[in-house]
Each structure stands twice: as structure tokens, then as C-alpha cells.
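What follows is a set of notes on a single structure, which appears directly below.
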Amino acid sequence: MMYIATSSVLRSTRSKISSSSLSRTLSNQHPSSASRSHSSAAAARSFCSSVPRWSHRIDWRSPVTLRPQIRAFAPFIERFHRKMATIANENPFKGNLTSLPKPSGGEFGKFYSLPSLNDPRIDKLPYSIKILLESAIRNCDNFQVTKEDVEKIIDWENSYTKQVEIPFKPARVLLQDFTGVPAVVDLACMRDAMNKLGGDSNKINPLVPVDLVVDHSVQVDVARSENAVQANMELEFQRNKERFAFLKWGSTAFRNMLVVPPGSGIVHQVNLEYLGRVVFNNEGLLYPDSVVGTDSHTTMIDGLGVAGWGVGGIEAEAAMLGQPMSMVLPGVVGFKLSGKLQDGVTATDLVLTVTQILRKHGVVGKFVEFYGDGMGKLSLADRATIANMSPEYGATMGFFPVDHVTLQYLKLTGRSDETVAMIESYLRANNMFVDYNEPQQDRVYSSYLELNLSDVEPCISGPKRPHDRVPLKEMKADWHSCLDNKVGFKGFAIPKEAQGKVAKFDFQGQPAELKHGSVVIAAITSCTNTSNPSVMLGAGLVAKKAHELGLQVKPWVKTSLAPGSGVVTKYLLQSGLQKYLNEQGFNIVGFGCTTCIGNSGDLNESVSSAISENDIVAAAVLSGNRNFEGRVHPLTRANYLASPPLVVAYALAGTVDIDFEKEPIGTGKDGKNVFLRDIWPSNEEIAEAVQSSVLPDMFRSTYEAITKGNPMWNQLEVPVDKLYSWDPKSTYIHEPPYFKSMTMDPPGVHGVKDAYCLLNFGDSITTDHISPAGNIQKDSPAAKFLVEHGVERKDFNSYGSRRGNDEVMARGTFANIRLVNKLLNGEVGAKTVHIPTGEKLYVFDAALRYKTAGQDTVVLAGAEYGSGSSRDWAAKGPMLLGVKAVIAKSFERIHRSNLVGMGIIPLCFKSGEDADTLGLTGHERYTIDLPSKISEIRPGQDVTVTTDNGKSFTCTARFDTEVELAYFNNGGILPYVIRNLIKQ
């Protein structure tokens with residue numbers, strides 16, 4: 001949630017800009033030069049020259065073309081410098097500004113010293129809370145951030161239980177292209193709205209640094225080919241040229257935006273290896289790096305000791321415009337690690353175990369902070385793997401404080417010795433560094449957990465949820481239980497007599513067969529694992545040993561390898577293992593998100609037919625973090641998360657219906673059975689490969705070239721106008737209707753009267769169910785729209801790639817083919833019942849009928865509604881469909897916030913109640929009674945819901961802060977920001 005000041009405060013905001021965001025705006029500091037210090041004049045030149053840039057440091061135009069912009073922005077810079085000087089006098093903690101000396105003489109810079117506060121409560125704070133405290137002290141101006149806010153954080157041990165609200169200013173914002181496109185679309189629309197309402201459109205510019213990684217989630221069209229990377233890249237540019245050009249326009253139209261071109265890697269791995277600063281040095285002011293990102297796996301950076309988490313796109317946009325975040329001060333779960341992993345156990349096994357433990361404990365809305373002697377046994381990459389899956393275990397963060405392991409990783413990844421020395425010196429001086437060679441201060445946590453690493457065993461998770469962990473030794477039995485069980489998270493309801501069915505077919509001239517559990521997709525993919533050299537090289541060693549024994553993956557298994565950055569390719573080649581992965585079909589297909597986000601590409605037509613015609617429960621095994629129904633591929637009903645080495649093993653076995661301890665994977669060239677143990681590398685073998693193959697120069701050379709782009713990106717021509725010229729014929733970029741009827745007067749609060757139920761759900765409806773990212777089904781409303789606009793089926797692309805077009809995305813809302821809607825009596829699909837007529841329609845078509853008739857709609861749901869990705873379209877889409885409220889047992893943190901941000905009312909049933917216990921079928925009409933004045937509503941207020949058949953029940957209105965009520969009063973967060981910017 002964002003903290004937006006009241007109108008009177010906002011009118012003062014221009015003169016209260018924080019010194020940190022100001023100096024960062026002026027310096028446009030690139031991470032490779034994070035420790036540089038410039039004079040004011042140099043900073044001004046740097047800022048001015050950055051105005052038309054596509055990145056913080058790389059200029060796409062000659063200095064001559066920049067001179068008009070430099071002259072135009074000179075007064076702006078002078079004004080900013082005056083404000084910077086004013087701020088230093090206004091901060092009530094200016095007396096705590098302390099010099100940090102260099103060992104060799106001189107100083108690194110100045111910082112706000114926590115020890116100088118002389119408050120013993122600070123010493124016991126979790127490290128993650130100290131980051132919030134430092135930010136509050138540094139940005140304290142008694143307007144946006146007050147001394148009272150600082151006291152709340154210092155007194156965290158007592159205040160976190162009281163649901164107190166604090167403002168937080170992240171150091172930067174992180175975007176990737178799927179979320180970056182709608183964010184830039186919204187910013188462009190906000191500029192248009194400012195113009196129409198008589199405001200200054202130049203106010204719509206990022207005031208905090210924005211890192212946008214165009215990781216162009218790669219569609220795996222070409223696999224099992226040495227030319228796969230280039231072929232897929234060319235196809236991606238053919239499909240996405242318009243979208244990429246729009247992002248390139250945005251990088252020139254908006255200030256302070258660094259853009260990493262497509263083909264560079266997955267956003268979170270690039271953030272970990274390159275963008276993460278750990279400590280900023282801006283104009284000599286030192287402070288911890290922190291980041292909010294528009295992808296839920298932004299938490300991966302927590303493994304580096306950088307506080308980061310996912311937020312909705314609409315929240316991120318407000319943060320870009322200089323608004324502090326409003327958040328409830330979280331509890332912090334202390335998770336103690338001891339011992340070390342056994343031989344043969346991977347970081348993936350560990351993270352799946354941790355995910356299950358934390359999911360069971362309950363950590364939604366909380367930070368998790370790891371500590372203990374076991375920390376020293378975990379590499380930075382292992383930590384990042386655990387931090388990455390914070391969304392899967394429900395936490396806001398999975399935080400690993402900085403220690404010697406962190407510093408070693410920074411050096412490995414090419415950060416300079418001087419930068420690393422500055423980072424260590426700052427964190428030690430501010431008591432934010434963990435040195436396990438020294439006695440440890442006992443810290444207070446809100447609850448405690450412990451795991452002995454030696455207790456972790458090999459496992460996978462599935463077949464439909466990340467936290468449904470299955471020990472590898474129990475997998476065969478669990479699989480047969482899933483076949484038997486009724487349809488659900490752990491069931492497919494296959495009759496006993498059909499469980500042995502064999503589907504025989506012809507595959508490219510050779511006989512082939514599929515059974516229930518046959519693996520048809522095996523993908524080494526995702527930010528979770530491809531950033532970890534131990535599991536990537538482990539996969540290569542499995543492939544090598546299998547090749548030497550004569551094992552080969554069946555040709556109808558669609559295999560792929562999508563590294564998170566170019567560094568992975570370098571060390572796989574250095575180790576000599578890439579050729580063995582190629583032998584097994586795991587050729588590199590591109591650098592970006594693939595199977596994990598649903599970009600699996602088509603299966604061979606003969607494989608697809610064999611699955612569909614015989615109702616086979618086919619399986620996918622991937623090294624990803626998400627395996628929700630319908631996400632990986634429409635034809636793989638069973639989807640399992642596994643370590644990269646196990647992905648190779650399951651591809652070789654060709655089935656998940658196997659007990660690796662007792663059954664062979666296959667027959668070797670000598671005619672003998674080959675078991676998993678015969679091809680599994682020891683920890684020593686993996687460590688040796690990592691030591692000899694992962695080298696600092698690989699990171700330096702990769703990231704020195706990263707901002708140079710590639711020929712296809714560099715050749716994109718974009719307009720220079722600051723206002724975007726919308727093309728009404730475009731099916732990728734379209735002006736959404738959010739602000740078209742907006743006036744300066746807020747619409748005010750509103751209840752809901754006689755609304756129909758659009759959908760009635762059970763538990764665990766994910767944002768993938770609400771707004772899928774993958775393939776566009778050929779008979780769907782979105783497909784019909786595209787065909788009507790001249791798009792051939794082969795060019796449909798994915799929903800994720802079309803998030804810049806509201807017409808497509810509205811039609812794609814609730815379009816997941818695995819949706820279970822109670823109005824359809826258990827039938828699976830993207831349809832619902834239009835209550836007035838009883839007709840079964842696609843959800844979009846039903847919603848359109850309701851809207852055309854002027855009838856509001858609501859959604860009923862169970863627990864954990866909106867879990868999964870931080871997908872703002874899962875709130876934007878329902879709003880465009882006319883949904884006015886969602887009534888659920890509980891909400892996922894980010895999604896609830898997104899609903900508020902789009903003006904949708906989130907209501908929670910009272911404890912022990914839900915639609916079923918209250919006898920609600922979804923065929924009723926619903927009236928939600930809200931006060932007519934904003935002053936009469938308070939956060940967490942009870943409201944009464946009545947139905948047309950005489951039922952009445954009480955819900956909690958999940959507006960959690962006063963700020964969120966202000967958003968609702970304005971029809972959403974972005975209209976609120978626009979109105980207040982105009983008033984300034």
C-alpha cells in the first residue's frame with residue numbers, strides 16, 4: 001500500500017523531497033559506479049544528459065542533440081539543489097548524520113547512524129526491521145515521515161502486534177517487461193489525464209530510480225536445436241516488436257529509468273548479479289539498498305541482504321512518482337538454520353522443505369529472517385533460491401542479513417573491491433552486518449522456527465501447488481493416490497480400470513506411447529534455480545553420467561534449458577557439461593522466463609493428440625516455482641517442481657510413476673539396469689565443478705556488455721514525443737479507459753446494490769486463475785477479438801505479452817481453462833452462468849451482459865484468494881468486467897492491495913463462516929451496505945451484506961489503512977495521485 005499525504009501535505013511535497021531520492025535522480029547512478037561521488041555541477045550535467053536516455057549511463061544520442069534538453073532542465077536542477085539544501089536542515093535526525101572513514105584516509109561518505117541514537121531497543125531489532133528504521137530516519141521530514149513513525153519502528157517489539165501503519169520509501173523500483181508495459185501504459189495515460197484536467201504532464205516522471213529488465217519471457221517454439229536461442233529470439237522480436245518499441249519509447253520519454261534490453265536474462269537474476277547495490281552511495285550519502293518490484297519473486301534479492309518484495313503495478317507506479325509506501329509494521333519470524341545438507345540433497349530440496357514448513361506455520365504479511373550456524377553452510381545462490389520462493393510460502397520477505405558469504409558473492413559477481421569495502425564498512429558501522437566469528441546479540445522475533453539442514457531429503461512438489469511437497473522415496477505411492485483421489489489439488493479421479501491405459505501413436509516415423517504420468521515437458525527454467533551454479537552444474541553432471549552409460553531422453557519429451565543470465569552459459573561451457581545437456585535435448589532456448597510462466601510453446605501435434613484423444617494425465621517436470629493448474633501447459637494436468645538434476649532424471653525416466661530407489665531409470669548400453677544413484681553426482685563433484693568453472697570474469701564480461709543491447713533492439717525506431725500517440729488498431733498497446741471520464745471531484749464511497757454473483761469459487765484461487773499469463777485458447781473471447789482484428793492464430797502470443805492492451809486482457813480475465821466455478825456444479829473451464837437467463841457463457845460474455853444492463857457483479861471466494869504472482873491485471877481485469885466487490889475467507893497480501901488500488905471492495909467473511917456455511921449458492925443478489933461518507937468509514941470496519949432471499953451476514957471491509965480508504969474514495973490509487981499532483 002502506498003502512503004499518500006493529505007492534500008495540504010502534498011502541496012508541500014515539492015519542497016520536501018527526500019535527499020536520497022533527489023540525489024539519485026540527479027546522479028542517475030548506475031550500479032557499476034555506485035560508489036562514485038560527483039560535484040553538484042557534474043551531477044547536474046549527468047541528470048540533464050539522462051533525460052532522453054534509455055538507461056542510466058548509456059546514451060543513445062550524440063551530445064549535440066542533448067543541448068536543448070540540458071538548457072531546458074537547468075532551472076529544474078537549480079530548484080532541486082535548493083530543495084536538497086533545505087531538506088538537510090529539516091530532518092530532525094540531522095545530528096545523527098555521521099562520517100564513514102576509509103581505512104586508507106578520507107571518507108566513503110556520510111550516513112544516518114543507528115548506534116548514535118543510543119537506544120538499547122535497536123540492538124535487539126531484527127536486521128530486516130533495521131532497514132525500515134534507517135529509511136524512516138533518513139527520510140524523516142515530519143510531513144511524509146514523522147518522528148512518531150520512527151518511534152513505532154524502534155518500539156517494534158511492542159508495536160507490531162497493534163497493526164500500526166508506517167511509511168516506507170524504497171531506494172528503487174524494479175520492473176520486467178510483462179509488468180513494465182502496463183506500468184508505462186498507465187504512466188502515459190496519466191500524462192494524458194493531467195493534460196486534459198489542466199495539470200502539468202511533466203509531473204508524471206519517476207522520482208526514484210526505475211530498473212526495467214526486458215527479460216521477454218521466451219516462448220519455447222524451437223527446442224532441441226543448437227540454433228534455438230537465435231531462432232526463438234527472432235520469433236520473439238517478430239511477435240513483440242511493437243511492445244519492445246513501446247518500452248524503448250518509455251525509456252526516452254520518462255526520466256530516471258534504466259532499461260536492460262531483451263535477451264539479457266531473467267529480471268531477478270540480473271537484479272541479483274548486477275543491479276543489486278546492497279548499499280547506495282549517492283552524492284556521498286550512504287544507505288541500504290531496498291527495492292519493490294512488480295513481480296512477486298522480487299524477493300530473490302533478499303538473499304543478497306537487500307530488502308525487496310513484490311507489489312502491484314499500480315502501487316509501483318505511485319512509488320515511482322515519489323509517494324512513500326504505507327505498510328503495516330510486520331511481524332518477523334526468526335528461522336534458525338543449523339547443520340548442513342546431506343550428500344545428494346540440493347538447494348531445491350531445501351527450499352521446497354522450507355516452503356512447506358512456513359506455509360504450515362503461517363507467514364502471510366510477515367517477514368521471515370534466517371539466522372543460525374547453518375547460514376555459513378549455505379552459498380549465496382542457495383540463499384537466493386530460498387528467498388525467491390517467499391511468495392510460495394506466503395511471506396513478504398525471506399531475508400538473509402549480509403555476512404561474509406554475501407561479500408564473497410559480491411566479489412565473485414564482479415563488484416569492485418572498493419565497493420565491497422564500502423558496503424562492509426557501512427554495515428558494520430551501522431550494526432547491520434552479521435559476523436559469525438563474533439558473539440551474537442540475541443534478537444527478538446515475533447515467533448521462532450528451526451530446521452536442521454541434515455534433516456532435508458530429496459523431494460519434489462506437486463502436482464498442482466508449490467507447497468505440496470512429496471519426498472522422492474514416496475513419489476510413486478503419492479502419484480497413485482493422486483490418480484485415485486477425487487479432483488482437487490491432490491487428485492485426478494481416474495477410474496481404476498483406466499489407470500493402466502496406454503496411448504500408442506506415431507512420432508516422426510517411430511512408434512511411441514504415453515501413459516498416465518508420462519513426462520512430455522522437462523524444463524530447466526526459472527529464476528529460482530537457474531541462478532544457482534550448484535544445481536545447474538549438477539544437472540550437467542547427471543546428463544554426462546547418463547550419456548556415458550548410454551541413456552537417452554525419448555524424443556517426444558519436450559526438453560529445454562533457459563538460463564537466467566549469460567553467465568550460466570559461460571560456466572556450463574567452461575565445465576564442458578553443456579554438450580552433454582545438448583545430447584539429452586536440453587539445448588539453450590533463450591535467456592528469460594519460459595515454462596514456469598506458461599511459455600512452454602506447443603507440443604508436437606502427435607503428442608497433443610495422443611493426450612487429448614485418450615484423456616491422458618500427462619506430466620511436466622520443471623525447475624520452477626509455480627505449478628498451478630493450467631499455468632505450465634494446457635495439456636499437462638500434473639506439474640511437478642524439482643531441482644535441475646531431477647528434471648534431467650525424470651526426462652530420462654520418461655514418467656513420474658517411478659520409485660527411483662527401487663526402479664531403474666533405464667537400460668544402459670551394456671544391457672544392465674541404470675538407477676538414479678548411478679548417475680547422481682556427489683556434493684564433492686559438484687563443488688569441484690563450481691570452483692573450477694564459475695569465475696568473476698564471466699560476470700564482468702557479461703554485464704559490461706548487457707546495456708549495449710543487441711542488433712534487433714538497437715534497430716528499433718521510436719518517437720521522441722513525451723506524449724504517446726495511441727494507435728487504435730494496435731492489439732498490443734491500447735489506451736485503457738481508466739481516466740477517460742475522470743474529473744477533479746472524487747466519485748466518493750459507494751456500496752453495492754442488488755449485484756449478481758459473477759463467479760463462486762472455493763479456496764486457493766490464484767492470480768493465474770484470474771488473469772492467466774500463458775497461451776490464448778483458440779475459442780476464447782480474447783482469440784475471437786484478435787481474429788476480428790486480423791491476427792492469425794500463430795501470432796496470438798500469450799496473455800502476458802498483451803498486457804498493454806486492455807481489450808485483450810479484459811477478455812482474458814477468468815479465462816483459465818482449469819477454473820472451477822461452483823455455479824457450474826464442478827465443471828472445469830472458463831465459463832459461468834448468467835443468472836438472469838441461466839445461460840452458460842464465457843465469463844467475459846456474461847460480464848458484458850451484466851454491464852450492458854447496468855447490473856453490478858460480485859465474486860464469492862474461499863481462502864487465499866489471489867495467491868501467486870503480484871499480477872495487477874488480476875485486479876484491473878475484474879474492474880473492467882464490472883466487479884464491484886470480492887467476498888472471500890482470506891486474501892493474499894498483494895492482491896488485496898491491488899483490488900483496493902482499482903476501487904474494488906475486498907470483504908472477508910467472519911471467522912468460521914464462508915459461502916457454504918451461510919448457505920450462499922451464488923444465485924442470490926447481493927447488497928453491501930457502506931456509509932455514504934468517507935469520514936464514516938474506518939479501516940477494518942464491519943459491514944452488513946444482505947441478499948434478495950432474506951439472508952444477512954457481517955463481513956470485515958479489508959481497507960487496512962486510512963490511506964486505502966482515500967484511494968477508494970477517489971476510485972483507485974492512480975486517480976488519487978493525479979488529483980493531488982494537479983493540486984500541488
Side-chain angles (χ1 to χ4, degrees), residues 268 272 297 299-300 302-304 333-361 363 368-395 397-401 403 405-406 409 449-462 465-475 524 526-539 542 621-627 640-647 649 680-684 686-687 690:
H268 306 304
L272 186 75
H297 291 107
T299 55
M300 188 172 191
D302 301 339
L304 194 67
V333 178
F335 200 133
K336 184 177 182 179
L337 301 175
S338 60
K340 68 175 183 178
L341 296 175
Q342 296 184 61
D343 200 47
V345 176
T346 69
T348 313
D349 301 322
L350 172 59
V351 72
L352 295 179
T353 302
V354 167
T355 297
Q356 186 182 49
I357 292 171
L358 288 171
R359 196 82 187 185
K360 182 178 180 181
H361 183 73
V363 293
V368 176
E369 185 165 297
F370 295 89
Y371 70 103
D373 295 339
M375 293 277 284
K377 304 298 191 300
L378 293 180
S379 69
L380 195 292
D382 291 346
R383 299 175 183 190
T385 300
I386 296 170
N388 177 282
M389 286 191 72
S390 292
E392 282 66 45
Y393 46 81
M397 281 204 304
F399 188 73
F400 290 81
D403 60 11
V405 173
T406 318
Y409 181 82
L449 290 171
E450 184 170 356
L451 174 66
N452 189 321
L453 298 177
S454 64
D455 292 337
V456 179
E457 57 184 338
C459 58
I460 62 177
S461 281
R465 295 190 299 185
H467 53 282
D468 289 333
R469 186 181 70 92
V470 185
L472 203 60
K473 62 188 180 185
E474 299 174 12
M475 178 57 196
I524 300 175
S526 164
C527 50
T528 305
N529 285 291
T530 63
S531 62
N532 194 322
S534 65
V535 292
M536 296 300 289
L537 290 167
V542 170
V621 183
L622 62 151
S623 63
N625 46 52
R626 299 272 167 79
N627 57 342
Y640 286 94
L641 306 181
S643 67
L646 276 178
V647 171
W680 197 264
S682 67
N683 286 6
E684 288 73 20
I686 294 174
V690 172

(request) Would you mind reporting whether S379 and V405 have side-chain heavy atoms less than 4.5 Å apart? (result) no
(message) Is there a side-chain contact between L641 and L622 in this structure, where contact means two heavy atoms from C-beta onward sitting under 4.5 Å apart?
(response) yes
(request) Indicate yes or no for a side-chain donor-acceptor contact from S390 to the backbone of A395 under 3.5 Å, with no hydrogens or angles considered. (result) no
(request) Could you tell me whether the side chain of N532 and the main chain of N529 form a donor-acceptor pair under 3.5 Å? (result) no
(request) Specify whether H297 and H268 have parallel, tilted or perpendicular ring planes, treating 30° as the upper limit for parallel and 60° as the lower limit for perpendicular. (result) perpendicular
(request) Might you point out which heavy atoms bring E450 and S338 nearest each other, and give the distance in Å? (result) OE2-OG, 4.0 Å
(request) Flag the pair R626 and E392 as a salt bridge only when some basic side-chain nitrogen lies within less than 4.0 angstrom of an acidic carboxylate oxygen. (result) yes
(message) Has S454 got a side-chain atom pairing as donor or acceptor with L341's backbone, closer than 3.5 angstrom?
(response) no
(request) First locate atom CZ of F335, then atom OH of Y371, and finally report the distance between them rounded to the nearest 0.5 Å. (result) 10.0 Å
(request) For residues G303 and A387, report the shortest heavy-atom separation together with the two atoms involved. (result) N-CB, 3.6 Å
(message) Once rounded to the nearest 0.5 Å, what's the spacing between atom CZ of R465 and atom CZ of R359?
(response) 7.5 Å
(request) Identify the heavy atoms of S531 and P533 that sit nearest to each other, and give their distance. (result) O-CD, 3.3 Å
(request) Would you mind reporting whether T348 and S623 have side-chain heavy atoms less than 4.5 Å apart? (result) no
(message) Has D302 got a side-chain atom pairing as donor or acceptor with N388's backbone, closer than 3.5 angstrom?
(response) no
(message) Between C459 and V470, is there a side-chain heavy-atom distance shorter than 4.5 Å?
(response) no
(request) May I ask you to decide if M375's main-chain N or O and R383's side chain share a donor-acceptor pair within less than 3.5 Å? (result) yes
(message) Run I524 and M536 through side-chain contact (heavy atoms from CB on, under 4.5 Å) and show every step you take.
(response) CA-CA 8 Å; I524 300 175; M536 296 300 289; 3.8 Å; yes
(request) Could you tell me whether a side-chain N or O of Y393 sits under 3.5 Å from a main-chain N or O of I386, the two making a donor and an acceptor? (result) yes
(request) Mind checking the OG1-CG spacing from T353 to D455? Nearest 0.5 Å is all I need. (result) 9.5 Å
(request) For the residue pair R469 and E457, establish whether any side-chain heavy-atom pair is separated by less than 4.5 Å. (result) yes
(message) Please report the interatomic distance OH(Y640) to CG(D468), rounded to the nearest 0.5 Å.
(response) 9.5 Å
(request) Find out whether L449 and F370 are in side-chain contact, i.e. whether some heavy atom of one side chain is under 4.5 Å from a heavy atom of the other. (result) no
(message) How long is the straight-line distance from CG of L352 back to NE2 of H467, given to the nearest 0.5 Å?
(response) 12.0 Å
(message) Just checking N452: does its CG atom have more than 12 heavy atoms from other residues, nucleotides or ligands closer to it than 6.0 angstrom?
(response) yes
(request) Could you go through the side-chain contact (heavy atoms from CB on, under 4.5 Å) check for L472 and L646 one step at a time? (result) CA-CA 10 Å; L472 203 60; L646 276 178; 3.9 Å; yes
(request) Output the distance between atom CG (L378) and atom CG (L453), rounded to the nearest 0.5 Å. (result) 5.5 Å
(request) Might you point out which heavy atoms bring P645 and G538 nearest each other, and give the distance in Å? (result) CG-C, 3.8 Å
(message) Between T406 and L304 (side chain of the first, backbone of the second, donor and acceptor by atom type, cut-off under 3.5 Å), is there such a pair?
(response) no
(request) Applying side chain to side chain contact (heavy atoms under 4.5 Å, CB included) between L350 and each of T385, D382, V456, report the one that passes. (result) V456
(request) Work out which heavy atom in A642 is nearest to a heavy atom in V621; give both atom names and the distance. (result) CB-CG1, 3.9 Å
(message) Does L272 form a side-chain contact (heavy atoms from CB on, under 4.5 Å) with L380? I'd like the steps, not just the answer.
(response) CA-CA 10 Å; L272 186 75; L380 195 292; 4.1 Å; yes
